[in-house]
Asks: 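I have a structure here, written as structure tokens, and I will follow up with some questions on it.
Count residues from 1 along the sequence.
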Amino acid sequence: MIHSSFNRSVINMKLIGILFLAIATVTASSSLGKQQVAPVRTVEERIINGQPAAEGQFPYQVGLSLTSLSTRENYFCGGVIIGTEWLLTAAHCTADASGVLVYYGSTERKSAKLYQYVPKTKFIEHPDYSYSPLTNDIALINTPVLTFNEYYNKIELPSISSRYSSYAGQQAIASGWGYTSQWVYDISDTLQYTTLDIISVEACESIYGDVVASSKVICVATTNKKTTCSGDSGGPLVLLSTGKLIGVTSFSSIYGCEYGDPAGFSRITSYLGWIKESTGIYY
């Protein structure tokens, strides 16, 4: 996930080094007074103040172990199964990657039920993706064919009829292996999840501006420091009332995951046409 800002008075040199490798900051708006955001491509990101997932609870969740083309560093993101040959994730996860090792059916990160390696040639970033400012932060990964079971299975996408829904005031579940604290610089061994309150686009724009926090983004409140963090990027945001995928983890405050500002997710309903054109999947 990308973060939007850290309190510079408490950042030491070790943290600066980690942030340089793990988090690329982007300007959220050219307007004065608007905060910056950090896309959550971290070399690792995890749910803060969440709960450990039970085996098979989130069969659509996958882990992505990627290697940076530019730095040769390894980093971790999340992804979502949407078809027998397709995953969704964040474009800031795949854009600089040489390939990915996909972890399927894993609750304990190091003991997946299935692994698949997918080369960069099978990545499809959104054609209008931009890292700075962060926009259209969504990508597809074309995998070898999966046979679904209780441990790994697809999630339904929202229908085109729901494309105008703001979801504001509703609750959604986010999951991932990212940091469990902005001060703990390692990803979780166990899949974590938390329930989050969706806020209005206008409330999110007031923090980040209308370029990053556009109508193509869903934002959630981070009440009681419950939020996504580094390593959770590309993972799912699932509407509690329907069980359908409505977002993929994209960014958070540059001041840190626990600062209290909203976290942002790429809105699936804004990309249903692109997904259908690229994969043939639609609802």
Asks: Side chains of residues 276-283: which donor-acceptor partners sit under 3.5 Å, not counting sequence neighbours?
Replies:
unit_1 : atom_1 : unit_2 : atom_2 : d
Ser278 : OG     : Trp274 : O      : 2.9
Thr279 : OG1    : Ile275 : O      : 2.6
Thr279 : OG1    : Ile281 : N      : 3.0

Asks: For residues Ile207 and Val201: do they belong to one hydrophobic cluster (side chain heavy atoms under 4.5 Å, members Ile, Leu, Val, Met, Phe, Trp, Tyr)?
Replies: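 Different clusters.
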Asks: Compare every heavy atom of Tyr208 with every heavy atom of Ser253, then report the nearest pair and how far apart it is.
Replies: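 Smallest interatomic distance, heavy atoms only, reads N-OH, 3.4 Å.
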Asks: Going through the checks in order, is the side-chain contact (heavy atoms from CB on, under 4.5 Å) test met by Val238 and Ile155?
Replies: CA-CA 9 Å; Val238 176; Ile155 190 170; 3.5 Å; yes
Asks: Is a donor from one side chain sitting under 3.5 angstrom from an acceptor on the other, for Thr249 and Asp232?
Replies: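 Note: Thr249 and Asp232 side chains miss the donor-acceptor criterion.
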Asks: Got Leu146 and Ile81 here, is their nearest side-chain heavy-atom distance under 4.5 Å?
Replies: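 Yes - at least one pair of side-chain heavy atoms lies under 4.5 Å apart.
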Asks: Identify, with sequence neighbours excluded, every residue that meets side chain to side chain contact (heavy atoms under 4.5 Å, CB included) alongside Val217.
Replies: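 Once residues adjacent in sequence are excluded, the partners of Val217 under the side chain to side chain contact (heavy atoms under 4.5 Å, CB included) criterion are Ser214, Cys219, Phe251.
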Asks: Between the main-chain N or O of Thr71 and the side-chain N or O of Ser68, is there a donor-acceptor pair closer than 3.5 Å?
Replies: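 Yes: the side chain of Ser68 pairs with the backbone of Thr71.
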Asks: For the side chain of Lys154 and the backbone of Thr84, is there at least one donor-acceptor N/O pair under 3.5 Å apart?
Replies: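 No: the side chain of Lys154 does not pair with the backbone of Thr84.
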Asks: Walk me through whether Val62 and Leu87 qualify under side-chain contact (heavy atoms from CB on, under 4.5 Å).
Replies: CA-CA 9 Å; Val62 298; Leu87 308 177; 4.1 Å; yes
Asks: With sequence neighbours excluded, what pairs up with Asn142 under the side chain to side chain donor-acceptor pair (under 3.5 Å) test?
Replies: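 Per chain and number, Asn142 pairs via side chain to side chain donor-acceptor pair (under 3.5 Å) with no residue.
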Asks: Could you tell me whether the side chain of Asn149 and the main chain of Tyr152 form a donor-acceptor pair under 3.5 Å?
Replies: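 Side chain of Asn149 to backbone of Tyr152, a donor-acceptor pair under 3.5 Å: yes, one is there.
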Asks: We want to know whether Glu85 and Thr143 form a side-chain donor-acceptor pair, criterion being a heavy-atom distance below 3.5 angstrom.
Replies: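 Note: Glu85 and Thr143 side chains miss the donor-acceptor criterion.
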Asks: Look at the side chain of Glu205 and the backbone N and O of Glu202, then say whether any donor-acceptor pair between them is shorter than 3.5 Å.
Replies: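 Absent.
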Asks: Partners of Glu156 by salt bridge (Lys or Arg N to Asp or Glu O under 4.0 Å), sequence neighbours excluded?
Replies: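 Partners of Glu156 under the salt bridge (Lys or Arg N to Asp or Glu O under 4.0 Å) test: Lys244.
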Asks: Can you tell me if Asp137 and Ser266 form a side-chain donor-acceptor pair at under 3.5 Å?
Replies: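 Distance-only check fails for Asp137 and Ser266.
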Asks: I'd like to check the side chain to side chain contact (heavy atoms under 4.5 Å, CB included) partners of Ser270; sequence neighbours left out, ordered by chain and number.
Replies: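 With sequence neighbours excluded, Ser270 shows a side chain to side chain contact (heavy atoms under 4.5 Å, CB included) to Lys216, Arg267, given in chain and number order.
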Asks: Before you tell me yes or no, could you show the steps for Gln61 and Leu191 under side-chain contact (heavy atoms from CB on, under 4.5 Å), namely the whole-Å CA-CA distance, both residues' side-chain angles and the distance that decides it to 0.1 Å?
Replies: CA-CA 9 Å; Gln61 170 90 52; Leu191 183 64; 3.9 Å; yes
Asks: Hey, any chance Ile199 and Ile218 share a hydrophobic cluster, counting ILVMFWY side chains that come within less than 4.5 Å of each other, even indirectly?
Replies: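 No, because Ile199 and Ile218 fall into different hydrophobic clusters, even though each may have its own neighbours under 4.5 Å.
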Asks: Check the hydrophobic clustering (I, L, V, M, F, W, Y; side-chain heavy atoms under 4.5 Å; chains of links allowed) and say if Leu239 and Phe265 are grouped together.
Replies: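 Looking at the clustering, Phe265 is in the same group as Leu239.
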Asks: For Thr121, enumerate each residue passing the side chain to side chain contact (heavy atoms under 4.5 Å, CB included) test, keeping only those at least two apart in sequence or located in another chain.
Replies: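 Result, side chain to side chain contact (heavy atoms under 4.5 Å, CB included) vs Thr121: Pro119.
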Asks: Hydrophobic cluster membership, with links at side-chain heavy-atom distances under 4.5 Å among I/L/V/M/F/W/Y: are Trp86 and Leu88 in one?
Replies: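 Yes, same cluster.
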Asks: Under the salt bridge (charged side-chain N to carboxylate O under 4.0 Å, His left out) definition, can you give me all pairs with a residue in residues 122-131, not counting sequence neighbours?
Replies: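 Every candidate salt bridge (charged side-chain N to carboxylate O under 4.0 Å, His left out) pair involving residues 122-131 fails, so no pair, neighbours aside, qualifies.
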Asks: Between Leu140 and Ile82, is any pair of side-chain heavy atoms under 4.5 Å apart?
Replies: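 Sidechains of Ile82 and Leu140: in contact.
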Asks: Between Gln170 and Ser241, which heavy-atom pair has the shortest distance, and what is it?
Replies: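 Minimum heavy-atom separation between Gln170 and Ser241: OE1-OG, 3.6 Å.
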Asks: Restricting to side chain to side chain donor-acceptor pair (under 3.5 Å), what partner residues turn up for Tyr271, sequence neighbours left out?
Replies: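 Residues passing side chain to side chain donor-acceptor pair (under 3.5 Å) with Tyr271: Asn136.
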Asks: Are Leu69 and Ile141 connected into the same hydrophobic cluster when the rule is that any two of I, L, V, M, F, W, Y join if their side-chain heavy atoms are below 4.5 Å apart?
Replies: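 As far as the 4.5 Å side-chain criterion goes, Leu69 and Ile141 are not connected within one cluster.
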Asks: Going by the rule side chain to side chain donor-acceptor pair (under 3.5 Å), which residues pair with Ser159 if we only count those two or more places apart in sequence or in a different chain?
Replies: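 Testing Ser159 for side chain to side chain donor-acceptor pair (under 3.5 Å), a comparison that skips the adjacent residues, returns Ser161.
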Asks: Whether the side chain of Tyr167 engages the backbone of Ala172 through a donor-acceptor N/O pair (distance < 3.5 Å, no angle test) should be reported.
Replies: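 Here the side-chain-to-backbone pair does not exist.
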Asks: Mind checking what makes side chain to side chain contact (heavy atoms under 4.5 Å, CB included) contact with Asn153, not counting sequence neighbours?
Replies: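 For Asn153 the side chain to side chain contact (heavy atoms under 4.5 Å, CB included) partners, ignoring immediate neighbours, are Pro59, Phe148.
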Asks: Using the salt bridge (charged side-chain N to carboxylate O under 4.0 Å, His left out) rule, collect all pairs that involve residues 51-63, keeping only residues at least two apart or in two chains.
Replies: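 Found Glu55-Lys113.
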Asks: Give the table of side-chain donor-acceptor pairs shorter than 3.5 Å for residues 100-108, with sequence neighbours excluded, one pair per line with atom names and distance.
Replies:
unit_1 : atom_1 : unit_2 : atom_2 : d
Tyr104 : OH     : Gln116 : OE1    : 2.7
Ser106 : OG     : Glu108 : O      : 2.5
Glu108 : OE1    : Thr190 : OG1    : 3.0
Glu108 : OE2    : Thr190 : OG1    : 3.0

Asks: If you look at every heavy atom in Tyr117 and Gly99, which pair is closest and at what distance?
Replies: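 In this case the closest contact between Tyr117 and Gly99 is OH-CA, 3.5 Å.
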